[in-house]
Amino acid sequence: MNSIDEKLQPVLAEVIRRNAGEPEFHQAVHEVLESLGRVVAKHPHYLEQALIERICEPERQIIFRIPWTDDQGQVQINRGFRVQFNSALGPYKGGMRFHPSVNVGIIKFLGFEQTFKNALTGMPIGGGKGGSDFDPKGRSDAEIMRFCQSLMTELHRHLGEQTDVPAGDIGVGGREIGYMFGQYKRLNNRFEAGVFTGKALAYGGSRARTEATGYGNTYFVDSMLKTRGTNFDGKTVVVSGSGNVAIYSIEKVQSFGGKVIACSDSSGYIVDENGIDLALLKEIKTVRRERISEYARRRGNGVHFIASDKGSIWDVPCDVAMPSATQNELSGKDARVLVKNGVIAVGEGANMPSTPEAVKVFRDASVLFAPGKAANAGGVATSALEMQQNASRDSWTFEQTEARLAAIMRSIHDTCHETADEYGAPGDYVLGANIAGFVRVAEAMRMLGVI
Ligand code: GLU
């Protein structure tokens, strides 16, 4: 494994000590600190005023009870979280995740990543993240609404368009955002459009926000491919997941001439050698909310479904891999298989989907590797565009919004690429993203004093 500069080792030791039992948070901090050795060697002033220690400590962490009544009249209890990580660049900004695996360590890792991701967008947004261990699977519309209302009854007092602006993430889409925004509006007696992003168009949402994360990752990978004189045309692509990020990655890859042959959900993956029928996938996943095996059943001839205990989607040979499901979904072993099968580029649509061992395998093999905090920043960047439209009471066309998104993604790509060059590691997007994100947050924090 890559080592951490000895001046930064005490920072990691302290993070591990005071955040015991939070391995994902340790992993995210470890990866950033690994990249910072070259920065502090060049600019030792970043070691002053406990700046790096402060960046690793959330400004505020809120944990609360969410009681709600299910359709059978039983009272259920979940736990809610909001980690307001860093507001040096703007109001806390980041999604809400509803998934049974959610705990404070997961939300902290996501909030930490979000801080640097948001900085990379160049937009005026700080970093935060929230969510609950609530499992939306199999819940009725009415249950989802009651849950969202109960959550917001507590969380509303901590939010505000200049304070903290949530959005969606795993398990939270337009429906949930509508219920949360509705309850916020009711409790505050204010139509404060900019307090949430990912809203529907009908009440202040932005065009292209739904598509933005997947489209953005595709633009980023396209920029990486161009540095090697190639593009998506004729490439075989595997996209894990089948949520919002995966679906719109598939859509954009297809429009760029790539052929996506596999995608997945938590039950397993499907392989469709003729190229995924996106209309069918959208219907199954977004309208009917069914399992991915239904795709194989409906499509018929030659489409295979492989259950998750029978194999990994990364066994499917491809030129480009776009992990877009969840953290640590792509192991070191998966990465070795991908490299053996000739993968040339990896773009992380999810947050931290590759394990540290997998990242090392890709970097050692000189695979073009785009870390999530750069590659999937298109979602939150378009959220910032949504805030901009809300602030000016304006609504842009799809073309205008997508053009802004495309320009932001190209700029993030170029920033990471140039920063890697500047710090003596050409082509290392992990280093480029971590350093460029860190420097933006750190510079603002220095100017704001010890707060
Ligand atoms: N959850 C998304 C992310 O991981 C979007 C956050 C947002 O739009 O605020 O970046």
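Order of listing sets the numbers, starting from 1, for every ligand and every atom in it.
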Can you pull out every salt bridge (Lys or Arg N to Asp or Glu O under 4.0 Å) where at least one residue sits in residues 426-443? Sequence neighbours excluded, please.
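Residue pairs with at least one partner in residues 426-443: R363-D428, E443-R446.
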Using the ring pair (Phe, Tyr, Trp, His ring centres under 6.0 Å) definition, which of the options F112, Y92, F109 pairs with F85?
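Option passing the ring pair (Phe, Tyr, Trp, His ring centres under 6.0 Å) with F85: F112.
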Do the rings of F134 and F147 sit parallel, tilted or perpendicular, given the 30° and 60° boundaries?
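The rings of F134 and F147 lie parallel, inter-plane angle below 30°.
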Distances only, to 0.1 Å: what are the N or O pairs between ligand 1 and the protein that fall under 3.5 Å?
| unit_1 | atom_1 | unit_2 | atom_2 | d |
| --- | --- | --- | --- | --- |
| ligand 1 | 1 (N) | K129 | NZ | 3.2 |
| ligand 1 | 1 (N) | G168 | O | 2.9 |
| ligand 1 | 1 (N) | D169 | OD1 | 2.8 |
| ligand 1 | 4 (O) | K117 | NZ | 3.0 |
| ligand 1 | 4 (O) | K129 | NZ | 3.0 |
| ligand 1 | 4 (O) | N351 | ND2 | 3.1 |
| ligand 1 | 8 (O) | R209 | NH2 | 2.9 |
| ligand 1 | 8 (O) | S383 | OG | 2.6 |
| ligand 1 | 9 (O) | K93 | NZ | 2.7 |
| ligand 1 | 10 (O) | Q114 | NE2 | 3.1 |
| ligand 1 | 10 (O) | K117 | NZ | 2.8 |

The criterion is side-chain hydrogen bond (donor to acceptor under 3.5 Å, both in side chains); which residues satisfy it with K185, sequence neighbours excluded?
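K185: no side-chain hydrogen bond (donor to acceptor under 3.5 Å, both in side chains) contacts found.
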Pairwise side-chain hydrogen bond (donor to acceptor under 3.5 Å, both in side chains) hits with a residue in residues 370-386, at least two apart
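Every pair satisfying side-chain hydrogen bond (donor to acceptor under 3.5 Å, both in side chains) with a residue in residues 370-386: E31-K373, E113-K373, K117-N376, T197-S383, K199-E386, R209-S383, N351-N376, K373-N434.
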Heavy-atom neighbours of R157 CZ exceed 12 at 6.0 Å:
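Count over threshold, so yes.
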